[in-house]
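A note on names: the letters A, B, ... follow the listed sequences, proteins ahead of strands, and every chain is numbered from 1.
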Number of protein chains: 2
Amino acid sequence: MAMGRPREFDADAALDQAMEVFWRHGYEGATIAQLTEAMGINPPSLYAAFGNKEGLLKAALDRYTAKRAAWMEEVLSAPTARDVAERMLMGTADSQTDPDNPPGCLLVQGGLACGTGSENVPFELAARRALTEDQLRERFVRAKKDGDLKPTADAAALARYLSAVSAGMGVMASSGADREALRQVANVSVKVFEEQSAKR
Amino acid sequence: MAMGRPREFDADAALDQAMEVFWRHGYEGATIAQLTEAMGINPPSLYAAFGNKEGLLKAALDRYTAKRAAWMEEVLSAPTARDVAERMLMGTADSQTDPDNPPGCLLVQGGLACGTGSENVPFELAARRALTEDQLRERFVRAKKDGDLKPTADAAALARYLSAVSAGMGVMASSGADREALRQVANVSVKVFEEQSAKR
DNA sequence: CCACATCTGTAGCGAACGTTACATTTATGG
DNA sequence: CCATAAATGTAACGTTCGCTACAGATGTGG
């Protein structure tokens, strides 16, 4: 049977553009007109490919997390919990002030509170932030088994803490904090892990 | 000369209601219809009293910070930098999970990214967050003079750090973190200040 | 008691929103 | 080369948005 006319735009390239619009303006602040213009397509193409605005957001979030997966692996592969924290927070400071991206983190900027009818959006963002926290917690559980973190260290609390700090850095970055300021926050935050490391 | 018909609603009580709507739905997610209904007034009364939606937000923010001023004084009056940090973060954990309020912090929930035409809103929120950071920095400068913080401690960095952590806690609270989880984050965060305190 | 000033409720304004109908174009399968 | 299937561009749909004109109500100053 016939296959139909092939799509003329690159879905991934279009998603990169959509990602940036959501990142800069938030889910509700981003309009379909802005999105289609940035993506270089017309509304029917958007709706055919992604369903609706929320579907487009989910696709953009998938691409966002996929792009960060490699970096996250590198973070988690650091030798000690302290180094994991340092790589995580320093990398966060840098990426949230990268002039190639909008400031802050898409998973925070996307929208913490939304209007009636978009309640799923904050949920969706929170779920993806939780994934990172889960990875960190598991890594810290391992660090305890490795004898790298004190036996009394609370892996879940430390993961939550890192999650909170990086979210907070996102808030500050979005309101104009520069790279140096975020690195200061990262440096201060890491000290907690030095205190929680096993004596050697 | 004549004074005109007096206003029938209590502006402060109405602002409390508006505050809650902005808090829960964000600036863009809050509609005039929701606001007027919560405030118990009709649109013309809102516009006569506050100018427009953004003016209403500013008035609500003023009331928000005014309500927190007393608490902030109590935080800053703690005897040591460490205690300031503890009161600040524990109080934040509690207020951000207070069932009487929407979760999180209005100054974060209000809107980090907004659509074209509302660019002032994130700015306005950031300015008010910065005020708290300024107060903390000054308090830590004093703590250094008091010999309470190490001479090598960086007051600005510590203030930024506290600001980041409390913003991050707001993000987590808005996505459902409970009081216990936030208190864990607070407890971990405070350890930094113990390390930065002068030996005694 | 009258003239004036301001608030209130109704009702609706123009604009922008997310979304889609429709005709056209461009490919594939037979 | 024709029939089918899917994507495209134009144009517009209905709804909701922030906001306001207007008329009536309610107070104060003279």
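- A straight line from CG of N42(A) to C1' of dT19(C) spans 14 Å, rounded to a whole angstrom.
- The phosphate of dA7(D) (OP1 or OP2) has no side-chain N or O of S45(A) nearer than 4.0 angstrom.
- Counting to the nearest Å, the C1' atom of dG18(C) and the CZ atom of F50(A) are 16 Å from each other.
- In this structure, Y47(A) atom OH and dA21(C) atom P are separated by 13 Å, rounded to whole Å.
- Between the side chains of T116(A) and Q34(B), at least one donor-acceptor pair of N or O atoms lies under 3.5 Å.
- Judged purely by distance below 3.5 Å, without hydrogens or angles, the side chains of R7(B) and S45(B) never pair a donor atom with an acceptor atom.
- Rounded to a whole Å, the CE atom of M39(A) is 14 Å from the C1' atom of dT8(D).
- Side-chain atoms of T97(A) and E180(A) include no donor-acceptor pair closer than 3.5 Å.
- Salt-bridge annotation for D146(A) and R142(A): present, with a side-chain N of the basic residue lying under 4.0 Å from a carboxylate O of the acidic one.
- The interatomic distance linking I41(A) (CD1) with dG9(D) (P) rounds to 9 Å, in whole Å.
- Contact annotation: side chain of R5(A) to base of dT8(D), donor-acceptor pair absent below 3.5 Å.
- If you check distances only, the side chain of R7(A) never reaches the base of dA7(D) with a donor-acceptor pair under 3.5 Å.
- Atoms CG (L46(B)) and P (dC17(D)) sit 14 Å apart, rounded to a whole Å.
- Side-chain proximity of I32(B) to dG27(D), dC19(D), dT28(D): nearest is dC19(D).
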* **Base versus backbone protein contacts along nucleotides 11-16 of chain D [heavy-atom cut-off under 4.0 Å; B, S, -]** => ------
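- Residues K53(A) and E8(A) each lie close to DNA chain C; by heavy-atom proximity, the contact nearer the 5' end of the strand is made by K53(A).
- In this structure, G40(A) and N52(B) both approach DNA chain D, and ranking their closest nucleotides by distance from the 5' end singles out G40(A).
- If you measure from atom CE of M3(A) to atom P of dC2(D), you get 23 Å, rounded to the nearest angstrom.
- Results of the ring pair (Phe, Tyr, Trp, His ring centres under 6.0 Å) test with Y64(A) over W23(A), F22(A), W71(A) single out W23(A) as the only residue that passes.
- Residues D98(B) and S95(B) bring no donor and acceptor atom of their side chains to less than 3.5 Å of each other.
- Separation of atoms CG (N52(B)) and CG (L57(B)) is listed at 10.0 Å; rounding is to 0.5 Å.
- Between E37(B) atom CD and dT10(C) atom P there is a gap of 14 Å when expressed in whole angstrom units.
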